[in-house]
Amino acid sequence: MVAASTVLGAAGEHYVMCQLLRRGLIAALAPVGVPNTDIVVTDDFGDRLCAIQVKTRQDKGSDGGWHMGRKHESILSSSLFYAFLDFGKTLIDPPKCFIIPSTIVANVVREAHEIWLATPGKNGIARKDSDFRRFLPDYDRVGIKFGRGVGWLDPYLENWDQIKMMSEI
């Protein structure tokens, strides 16, 4: 039996690919095993290329965020975007997709983790580092204050134009 997270991830990749194709971009799933890329994108001339890594979630858990890792702090490319997709709680909830350049994601993930590490945990005990990270729509909610509270992701919501602009450069 296939894990539910694998199926959800595949659904997310196909959803994002569908949105790109609807906007006149050429999009295809990257071969399995390609690091940091789920979808490759070009224009109809094949002149410009960017890559997208899709992070998919359903509305489960308390922080509303996506799983990330230590490696995401150092993935910096002007031609790599993340598509953070939230399918909501039910099948009738409209999906929400945030399209964010990798440089912004790397900086936010790194800075949030540094602040989290510097903040004492339960009973004032120092936190232990790990490879685990979270990308959140509201860091204030979990006590990580650095100007990334409610609404900071709003400019990226359904902002497919920034990918389309890559084909015009």
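Keep in mind that the numbers below use all heavy atoms, side chains included, and drop hydrogens, waters and symmetry copies. Since the structure is predicted, the reported quantities are computational estimates derived from the model, not experimental observations.
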Hey, what's the ring geometry for Phe87 with Tyr15, parallel, tilted or perpendicular (30° and 60° as the breaks)? perpendicular
So which heavy atom on Asp59 is nearest to which on Asp86, and how close? N-OD1, 3.9 Å
Does any non-hydrogen side-chain atom of Lys96 lie less than 4.5 Å from one of Leu157? yes
Closest non-hydrogen atom pair, Val54 against Thr56: CG1-OG1, 3.4 Å
Given side chains that start at C-beta, do those of Ile163 and Val41 come closer than 4.5 Å, heavy atoms only? yes
Should Lys55 and Phe135 count as side-chain neighbours, where that means a heavy-atom distance under 4.5 Å? no
Can you find a heavy atom in the side chain of Met68 that is under 4.5 Å from one in the side chain of His113? no
Taking side chain as C-beta onward, heavy atoms only, is Ile52 less than 4.5 Å from Thr37? no
How far apart are the closest heavy atoms of Leu136 and Trp152, and which atoms are they? O-NE1, 3.0 Å
Whether Phe84 and Tyr82 hold their rings parallel, tilted or perpendicular, with breakpoints at 30° and 60°: parallel
Is the ring centre of Phe132 less than 6.0 Å from the ring centre of His67? yes
Connected via hydrophobic side-chain network under 4.5 Å: Tyr156 and Ile75: yes
Going only through I, L, V, M, F, W and Y residues with side-chain contacts under 4.5 Å, is there a path from Leu25 to Met17? yes
Check the angle between the aromatic planes of Phe98 and Trp66 and answer parallel, tilted or perpendicular using the 30° and 60° thresholds. perpendicular
Tell me which one of Glu111, Arg127, Arg134 satisfies side chain to side chain contact (heavy atoms under 4.5 Å, CB included) with Trp116. Arg127
